[in-house]
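Working notes for the structure below.
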Amino acid sequence: MRIYSCHFCSSPVYPGHGIMFVRNDAKEFRFCRSKCHKNFKMKRNPRKVRWTKAFRKSAGKEMVVDSTLSFAARRNVPVRYNRELVATTLKAMQRVAEIRAKRERAFFKNRMRDNKTRQREEDRKLVEQHQELLKQGGLIPREKKVLPEEEIEEDIMDVEDVQEVREVSIKIPVHKKKQRQ
């Protein structure tokens, strides 16, 4: 069983999936889905289409130069089956996958390092430009007015009146619906 990679977006194409296009010069192009096939027919450049691997690599969003990436390259040299060789190969493949994941995490962390400070600066500038909106919306407290004691006592009395109203319960008659027979 062989897993091909899509000619346009570089995602895996599993057996029985995708589309194969054969050009007049007998060159095969495999596509994972019709979206990739249509973009290829429209002669779009995968490095300019944002959702492809080629774009992500050319824009510096994914690792391009790394020794772990060369392990995925195809090898055409047949090797006689050896149980020990297969066991060591599987262990090596697992180790390479761990190393690749670790390096990708470090690459992502390095790429995202300055984003938090840049976003905070943009937020500060936005707040400074629109201070009046924050005051209108009540997010920034306005200057508090100092009330004389007489007004405070009146406010307390109003609160007591509200509490009395809450204690009164109102009974509302409920009419039962007639059942159909």
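Positions are given from 1, in the same order as the sequence printed here.
- Annotation: side-chain contact (heavy atoms from CB on, under 4.5 Å) contacts of Arg105 (sequence neighbours excluded): Ala101, Lys102.
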Check residues 30-44 and write down every donor-acceptor pair under 3.5 Å in which the side-chain atom is one partner and the other belongs to a residue at least two apart or another chain.
{"unit_1": "Asn39", "atom_1": "OD1", "unit_2": "Arg44", "atom_2": "NH1", "d": "2.5"}
{"unit_1": "Asn39", "atom_1": "ND2", "unit_2": "Lys35", "atom_2": "O", "d": "2.8"}

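- With sequence neighbours excluded, the residues satisfying side-chain contact (heavy atoms from CB on, under 4.5 Å) with Ala59 are Phe55, Lys61.
- When the side-chain hydrogen bond (donor to acceptor under 3.5 Å, both in side chains) test is applied to Arg111, no partner is found at least two apart in sequence or on another chain.
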Can you give me every donor-acceptor pair (side chain of residues 16-26, partner residue at least two apart or in another chain, under 3.5 Å) with its distance?
{"unit_1": "Arg23", "atom_1": "NE", "unit_2": "Asp25", "atom_2": "OD1", "d": "3.2"}
{"unit_1": "Arg23", "atom_1": "NH2", "unit_2": "Asp25", "atom_2": "OD2", "d": "3.3"}
{"unit_1": "Asp25", "atom_1": "OD1", "unit_2": "Lys27", "atom_2": "N", "d": "3.4"}

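- For Ala54, the side-chain contact (heavy atoms from CB on, under 4.5 Å) partners at least two apart in sequence or on another chain are Pro46, Arg47, Thr52.
- In the hydrophobic clustering, Leu90 connects to Tyr81, Val86, Met93, either directly or through intervening members, whenever side-chain heavy atoms lie under 4.5 Å apart.
- For Glu121, the side-chain hydrogen bond (donor to acceptor under 3.5 Å, both in side chains) partners two or more places apart in sequence, or in a different chain, are Arg124.
- Other cluster members for Val79: Leu85, joined by side-chain heavy-atom distances under 4.5 Å among Ile, Leu, Val, Met, Phe, Trp and Tyr.
- With sequence neighbours excluded, no residue forms a salt bridge (charged side-chain N to carboxylate O under 4.0 Å, His left out) with Glu84.
- The side-chain contact (heavy atoms from CB on, under 4.5 Å) check on Glu122 picks up Arg118, Gln119, with sequence neighbours excluded.
- Counting heavy atoms from C-beta on, the side chains of Tyr4 and Pro12 never come closer than 4.5 Å.
- If you take CG on Leu126 and CD on Gln131, they are separated by 10.5 Å, rounding to the nearest 0.5 Å.
- Judged as a side chain to side chain donor-acceptor pair (under 3.5 Å), not a single pair has a partner in residues 5-14 (not counting sequence neighbours).
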